[in-house]
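Everything on this sheet refers to the single structure shown next.
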Amino acid sequence: MRRTLLPGLLLPVLLAGAGLAPAQAAQPWSVTPVAGGYQVTLRLPDQLEARDALPELAVDGNSVGVARQSPDGRTLTVVTEDPAAAHPSSVQLAWNGQVAGTERSGPAHGTKPRPGNPVPADPSAPGRYAVSRADYDFGDSALTLPGLGNRVVEERAAVWVPSAPGPRPVVLFLHGRHSACYNPATRATDNTHWPCVEGFQPIPSYRGYDQSAQVLASHGYVVVSISADGVNAQDNPYSEDAGTTARGQLVLDHLDLLAQADSGRAKGMSPLLRGKLDLSDVGLMGHSRGGEGVVKAALLNAARPHPYGVRAVLPLAPIDFGRETLPDVPMAVVLPYCDGDVSNQQGQHFYDDSRYADPGDGVFRASVMVMGADHNFFNTEWTPGVAVAPANDDWGNQDDPTCGMNAPATTRLSAAEQYQVGVDYIAGFFRLVMGHETAFSPLFDGGTAKVGAATVLQETQAPRRLDVAPLQGPAANVSAPFGQYCASMAGRSPQSGLPSCTASTATARFPSFTPANYGPNVTATPLLHLSWTTPSSMSIAVPRSTMAGYDALTVRAALDDANAPADLTLTVVDGAGRSQSATLSSLGDALTPLPGSGTLLPKTWLRTVRWPLAQLKHVNTRDLRKIVISTASPSGGVFLSDVAFQTFAPGQGGPSRLPQVTISDSTVDEGAGSATMTVSLSERSREPVTVSVQALAGTGTQVVNSARQVVVPPGRLSVPVTIPVVGNTVAEANAATAYKVFVVSPVNAVVGQDFAHLTVRDDDQAATAALPG
């Protein structure tokens, strides 16, 4: 757009400190006006702590967005339109929307969940096979990863091989983001150089799951735990998606190497691996950023002409920056209640978003909440006292009454107890899904389980089920006069047309609603909110279908953000008008307030309630016609979702055959007012494909954070998408600015290339040059 101001009349102004002149300023931050917004910069006294969450900057205590980190780890930068950035009194480091070190807690509210039922079999008991080692190490510069700007990383792994005959199923572990290097003499850590500089050596994070690997190998699995230090040291400055694609590529590179070793074509690999690997039967476990990494690996694998048989994925305390769905593959998400790193537990979206991403996928998926667990102690190399390198407890406030180690009535597990729970869940998941050892079903099948010293809450979706009412939006068979559908939190997804489920901005308290880093405005977990002060009821018509073969009526439920006592009654009615009722509180603890208070706790987390059909003695379970949900307390507020009849089973799955959805790059002049990008499918779909498209503001402000849902009709390969572009009359510092636009949370497709660049050319540069000097 042309401008009429003379050169020099609109210069960037540096605001240092709280309105002080530059000579007076002592604060380590600055704000520079840019076209339509502000560039906020914070200089850190030391290298940024290596965490799995992304760093943010907070202006006057409120986060204004994810920060770009400088290569030396000492400078963070955010560009924002927030008017509060014009004259801030403070700029601070934040994580998950919370200023570092200011997490508040108060007296312990809520109730410790009842311990639940012990699992009848011990998933960590040693198996009958002897185990040998076949580790490999090809050095710190063995691989280059396109997702990391073709920078070099190591190719290193610990490998456990059972004595069992024949090709064996393979389980691969991927650790998360921890410092890459340390100095054994000074105990200093470094996460900005790879390979490690002189005096420093790699931190063996990949050795943190040795006991899980040993157990699985003794039961006949080949287990490979790979090192990702090179990705950790380079993902922030050199990756456009925080290293997610690079981690997925790293997993596939190791699977390719293992395939060569199995055929005897890989020099330097142990002969124990020759003919030993069944790569048509592969499981993946990823911790923290490794959790999203193994999901990405499964998606990249599915796009290959001849994919490996990825049949089970376990994200452990995962991040989920991009809200990519993983249908068609059995999956269990493990969440630690006292997570102080990924405190908003965004990995819950893997479960929520995948439930109906392929309505016909028929696989088992679950999400479990481990009470008393933190983020780090699942890995011994991240645990103080047992780690080789420096490590810490990520839960910062050790006096917190719920999660602090110093609190008299804390729910916290000891480091050894938590590690054992991790072994139980890692071994139990793969033995259940890949080995079909159904004795471990109670780890996941809904309700509450006692696993070692831990109480574990569960929600689950079974492969055999009849989805009566997902409760994601209005449906012809649902009448809910005292309910309202809602989604997301704090007004973050206006395009959904639904009110927010909570006005709170404390993202750590609402895992299902927390905004994703690369999909902050995308609708998050729509469900039904029931709120009442007088007796009320709703009804759900049951499709004319026999209930033979199903073993329970299930529903997911939680108290709403008021966290006040409430109860509901479930009533089933058969074709003859006979009925039977039970309160939710009599069937489980889903409406029991979870413990804690403050900005991180208590969590609002939906749990599965199971009503076994064997208990329905007064109705004909082969002819159920209606479900009535009525109030059982004088007042209350409850979130409801996923009413279904189901039978738990491990099921089977494999690489998804759904089309992959991608988005194309585009270039436009800022004066155009909008840009057209193309959403494409790898192949035509018989069903409509829906996907959210999220534009992110970045180094400039011609594009604003916004999201919209796009539908690719059946039989179509692509559709155009319009992205608003806000022009201005200012000559930008750069002739063109690239913004990222993501495809997020697809249905009837999976994500392929998850982002593209929208390049906006500045059309004021030439006009400025043409003005007389």
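All values reported here derive from a predicted model rather than from experimental measurement.
For the pair H287 (side chain) and H375 (backbone), a donor-acceptor distance under 3.5 Å is present. Side-chain atoms of Y209 do not come within 3.5 Å of backbone N or O of H175 as any donor-acceptor pair. Between the side chain of Q660 and the backbone N or O of L299, at least one donor-acceptor pair lies under 3.5 Å. Remark: the backbone N or O of V342 is not paired with any side-chain donor or acceptor of D52 at under 3.5 angstrom. Although no hydrogens or angles enter the test, the distance criterion places a donor-acceptor pair under 3.5 Å between the side chain of S504 and the main chain of A506. No donor-acceptor pair under 3.5 Å is formed between the side chain of S288 and the backbone N or O of G290. Not a single donor-acceptor pair under 3.5 Å links the side chain of S745 to the backbone N or O of D353. With hydrogens and angles disregarded, a donor-acceptor distance shorter than 3.5 Å links the side chain of Y425 to the backbone of L443. When atom types are taken as modelled, the side chain of Q249 and the backbone of L148 share no donor-acceptor pair closer than 3.5 angstrom.
Annotation: salt bridge (charged side-chain N to carboxylate O under 4.0 Å, His left out) contacts of D352 (sequence neighbours excluded): R556. V712 is linked by a side chain to side chain contact (heavy atoms under 4.5 Å, CB included) to V679, L681, V689, R716, V719, counting only residues two or more places apart in sequence or in another chain. By the side chain to side chain contact (heavy atoms under 4.5 Å, CB included) test, A53 is found to be paired with W95, N96, D341, residues two or more places apart in sequence or in another chain being considered. For F364, the ring pair (Phe, Tyr, Trp, His ring centres under 6.0 Å) partners at least two apart in sequence or on another chain are F444, F648. Here D374 pairs with R412 under the salt bridge (charged side-chain N to carboxylate O under 4.0 Å, His left out) rule; sequence neighbours left out. Here D394 pairs with nothing under the salt bridge (charged side-chain N to carboxylate O under 4.0 Å, His left out) rule; sequence neighbours left out. For T523, the side chain to side chain donor-acceptor pair (under 3.5 Å) partners are Q495, not counting sequence neighbours. With sequence neighbours left out, the salt bridge (charged side-chain N to carboxylate O under 4.0 Å, His left out) criterion links R607 to no other residue. The side chain to side chain donor-acceptor pair (under 3.5 Å) search around T608 returns none, not counting sequence neighbours. Listed by chain and residue number, F639 satisfy the ring pair (Phe, Tyr, Trp, His ring centres under 6.0 Å) test with F513 (two or more places apart in sequence, or in another chain).
Side-chain contact between R365 and Y351 is present, with at least one heavy-atom pair separated by less than 4.5 Å. At a threshold of 4.5 Å between non-hydrogen side-chain atoms, the residues L413 and V370 count as touching. Between V478 and Y485 the shortest side-chain heavy-atom distance falls below 4.5 Å. Taking 4.5 Å as the limit, every side-chain heavy atom of L471 sits out of range of all side-chain heavy atoms of L527. Within the 4.5 Å cutoff, the side chain of I723 has no heavy atoms near those of the Y739 side chain. Between S656 and V329, the closest side-chain pair of non-hydrogen atoms is not below 4.5 Å. In this structure, the side chains of R323 and F742 stay at 4.5 Å or more apart for every pair of heavy atoms. Looking at heavy atoms from C-beta onward, L601 lies in side-chain contact with D400 at the 4.5 angstrom threshold.
Counting only N and O atoms by type, the side chains of R355 and S641 include a donor and acceptor under 3.5 Å apart. For the residue pair Q348 and S367, a side-chain donor N or O sits within less than 3.5 Å of a side-chain acceptor on the partner. Between the side chains of R247 and N232, at least one donor N or O sits under 3.5 Å from an acceptor N or O.
Rounding to the nearest 0.5 Å places CG of L696 at 9.0 Å from OG of S706. In this structure, the separation between OG1 on T507 and CD on Q345 is 10.5 Å, given to the nearest 0.5 Å. Here T514 contributes atom OG1 and R492 contributes atom CZ; the two are 8.5 Å apart, rounded to the nearest 0.5 Å. We find the CG-CG distance between L326 and D358 to be 11.0 Å, quoted to the nearest 0.5 Å. The distance from the CD1 atom of I319 to the CG atom of L54 is 7.5 Å, given to the nearest 0.5 Å. To the nearest 0.5 Å, atom CG of residue L300 and atom OG1 of residue T245 are 6.5 Å apart.
Taking both residues in full, the closest heavy atoms of G97 and S63 are given as CA-CB, 4.0 Å, listed atom of the first, atom of the second, then distance. N301 and P307 make their closest contact through O-CB, 3.0 Å (heavy atoms, listed as atom of the first residue, atom of the second, distance). Nearest heavy-atom pair across V78 and V66 is CG2-O, 3.4 Å. Closest approach of P602 to R509, counting heavy atoms only: O-NE, 3.2 Å.
Within a 6.0 Å sphere centred on CD of Q709, heavy atoms belonging to other residues, nucleotides or ligands number more than 12.
Using a cutoff of 4.0 Å between basic side-chain nitrogens and carboxylate oxygens, D241 and K740 are not scored as salt-bridged.
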Under 3.5 Å, side-chain donor or acceptor atoms of residues 746-758 against the rest of the protein: list the pairs with distances, not counting sequence neighbours.
{"unit_1": "N748", "atom_1": "ND2", "unit_2": "P688", "atom_2": "O", "d": "3.0"}
{"unit_1": "Q753", "atom_1": "NE2", "unit_2": "F755", "atom_2": "O", "d": "2.9"}
{"unit_1": "H757", "atom_1": "NE2", "unit_2": "E240", "atom_2": "OE1", "d": "3.2"}
{"unit_1": "H757", "atom_1": "NE2", "unit_2": "E240", "atom_2": "OE2", "d": "2.6"}

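For residues 324-336, every residue pair satisfying the salt bridge (charged side-chain N to carboxylate O under 4.0 Å, His left out) rule, not counting sequence neighbours, is listed here: K296-E324.
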